[in-house]
Amino acid sequence: MTGIGGHAIGIDLGTKYSCVGVWKHDNNNVDIIANDQGNRTTPSCVAFTDTELLVGEAAFNQVVRNPDNSIFDAKRLIGRKFSDTSVQSDKKLWPFKLVEGPDDKPMILVTHKGKEKQYAAEEISSMVLAKMREIAEVYLGSTVKNAVITVPAYFNNSQREATKKAGISAGLNVMRIINEPTAAAIAYGLDKKAGWYSKRNVLIFDLGGGTLDVSLLTIGDGVFEVKATSGDTHLGGEDFDTKMVNYCVEEFKRKHNLDVSGNIRTLRRLKNACEKAKRRLSFTTTTDIEIECLHQGIDFYVTFTRSKFEQLNMDFFTKCMEPVQKCLEDAKMDTDSVHDIVLAGGSSRIPKVQQLLQNVFKGNELCKSIHPDEAIAYGAAVQAAVLSGHGNGKLKDFTLLDVTPLSLGVDTIADHCNTFMTVVIPRNSQIPIKENTSMTTSCHNQTHVRFSIYEGESETPINNNFLGEFVLEGIPPAPEGVPKFDVCFEIDANGILKVSAEDKSTGQKKDITIISGCDRKQGIETLV
Ligand code: ADP
Ligand code: MG
């Protein structure tokens, strides 16, 4: 054990699966840690039964028996409001119950040990994180405190804060929250030594269980700049499984004239079998699905070919390419400017998806050197090692920095006065950062000043993204330009922005915490 306060782990808290890794000095590499079932990823699932609380594999394995009290997808809820359109539409698809709690907070309703109970998403995520911590502790033979946790690049401040809170409740010292594509790029960069000295544009294509995240990063001198992110919050492995299940239901009907489409238990068993078959079809062109006593004592047997699988899902696969185009457009890059295309997420193994992606990039080789299920946890573990001062050997010249993608500034509005954007933190500044600026009134005897915070590159605030605002009141009457306000912009290492303003004459101070990360633009879009 070395460095500050023992081991530091990296956790990829996925929508469907989570993964944990730790930097090992003996082999100068990251070890991805297997759970007690020998699997290197663990379902992000929590289940409540009459007698116990189950997390991970154990929870996942009893979903068929206990669908109402088996919670997954907490990541889709974390840091969101109950009234969010995305929450409302997800709610319809979940077998578990969701109710509105105080302050528009979504609460998961379960029956545990015979009693009704409500849990917030971060409590469920906390249980998953505690499980990942335990997996690491068993492997390392010691307690683990320090951790880096990853989140999607588009997560806003509230989602990041809630994830951090989940980590703290799991007994972790959350050293940092980092973006998933940044973590994947770290894994890739460390493997390839790519871009440490010369700039490289890297596209991360992360197709997981329920989401597709596409990000374009520029890597150079250990700086990771997320240029653009795009994606689809409802496109991934589960959708492909569903198509297979529907096909099987039809087959069963055709062969036995029996409709199983209303039977949750039967569908769940089909889904598990289809998911396994789907995984095999990434490596073989034909596979069999066999389920004993699927329905009314009848066995089910079907041969699935890869081409059948592709035919069923072709629309989805084509749809996966749209965010790639969008991401390139947003980053103002063409396909030729992308040096590396890196695959991440379990579903990126699907040959057809790889082929379509390769076509977009005119046949350029895709990078498959990083492990799609493990790359994000790997990168998080590297970041954790660096942060806890474990940097040696391979990590020596390796400083990991995120930058703020857009300029941040303030616009003071006074009646009858024009407005302009005063940039406080210029784009591409490395975070964490703290910058101060001095501002004043623009009218005589102005009694209040509104501080509106924007991000963007235009001098005219309304052409930029509005982030938030607050008002300082009770300013003593004075000629324009006399009162002095100290305005401070501070972005912490997690990408969380705090803005404060102080009236020097009265000492009155106000502040606001705003959407964070390399993703404010998207965060705001989803908020609106
Ligand atoms: P997330 O980050 O969304 O939690 P992952 O990146 O771990 O999820 O991806 C999980 C998804 O990847 C699941 O839908 C799983 O079925 C799929 N998957 C895993 N291995 C393969 C494979 N060999 N071929 C196709 N899909 C796979
Ligand atoms: Mg993932």
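In what follows, residues are counted from 1 in the order of the sequence shown. In each ligand, atom 1 is the first atom listed, and ligand 1 is the first ligand listed.
In Phe283, the part holding a heavy atom less than 4.0 Å from any atom of ligand 1 is the side chain. At a 4.0 Å heavy-atom cut-off, ligand 1 touches Ser347 through backbone and side chain alike. At a heavy-atom cutoff of 4.0 Å, ligand 1 is contacted by both the backbone and the side chain of Lys16.
In terms of protein heavy atoms, atom 7 (O) of ligand 1 is closest to Tyr17 CB, 3.5 Å. The protein non-hydrogen atom at the shortest distance from atom 2 (O) of ligand 1 is Gly14 CA, 4.1 Å.
In summary, Asp330 and Lys227 do not engage in a salt bridge, as defined by a charged side-chain N under 4.0 Å from a carboxylate O. Under 4.0 Å is where a charged nitrogen must lie from a carboxylate oxygen, and between Lys105 and Glu100 no such pair does. Contact check on Lys164 versus Glu161 returns no salt bridge, with no Lys/Arg side-chain nitrogen under 4.0 Å from an Asp/Glu carboxylate oxygen. A salt bridge links Asp73 and Arg76; the closest N-O separation between the charged side-chain nitrogens and carboxylate oxygens is under 4.0 Å. Between Arg200 and Asp340, at least one side-chain N (NZ, or NE/NH1/NH2) sits under 4.0 Å from a carboxylate O, which counts as a salt bridge.
Of the options Gly236, Pro43, Gly237, Gly346, the smallest heavy-atom separation from atom 12 (O) of ligand 1 is shown by Gly346. In this comparison of Glu275, Lys75, Glu238, the heavy atom closest to atom 16 (O) of ligand 1 sits on Glu275.
Close contacts of ligand 1 with Ile350, meaning ligand atoms under 4.0 Å from a residue heavy atom, involve 25 (C). Short contacts between ligand 1 and Lys278, defined as distances under 4.0 Å to a heavy atom of the residue, involve ligand atoms 14 (O), 15 (C), 16 (O), 17 (C), 26 (N). Atoms of ligand 1 lying under 4.0 Å from at least one heavy atom of Gly345, given by number and element, are 6 (O).
Between Arg349 and ligand 1, at least one N/O pair is under 3.5 Å apart. Residue contacts with ligand 1: Asp373 is placed with no nitrogen or oxygen under 3.5 Å of a nitrogen or oxygen of the ligand (distance criterion only). For a threshold of 3.5 Å applied to N or O pairs, the pair formed by Ser282 and ligand 1 contains at least one separation below that value. Looking at Gly209 next to ligand 1, an N or O pair under 3.5 Å apart turns up. Below 3.5 Å of separation, one finds no N or O of Leu207 facing any N or O of ligand 1.
If you check the side chains of Thr233 and Thr211, you find no donor sitting under 3.5 Å from an acceptor. Side-chain atoms of Tyr378 and Asn29 form a donor-acceptor pair, as typed in the model, at a separation below 3.5 Å.
Tyr17 places a side-chain heavy atom less than 4.5 Å from the side chain of Phe60.
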Show me the donor-acceptor pairs within less than 3.5 Å that the side chains of residues 359-367 make with the rest of the protein, sequence neighbours left out.
residue, atom, partner, partner atom, Å
Lys362, NZ, Thr335, OG1, 2.9
Lys362, NZ, Asp336, OD1, 3.4

Could you pull out all donor-acceptor pairs under 3.5 Å where a side-chain atom in residues 313-323 meets a protein atom, sequence neighbours excluded?
residue, atom, partner, partner atom, Å
Asn313, ND2, Phe309, O, 3.3
Thr318, OG1, Met314, O, 2.7

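Taking 4.0 Å as the cut-off, Thr15 counts as a neighbour of ligand 1 on heavy-atom distance.
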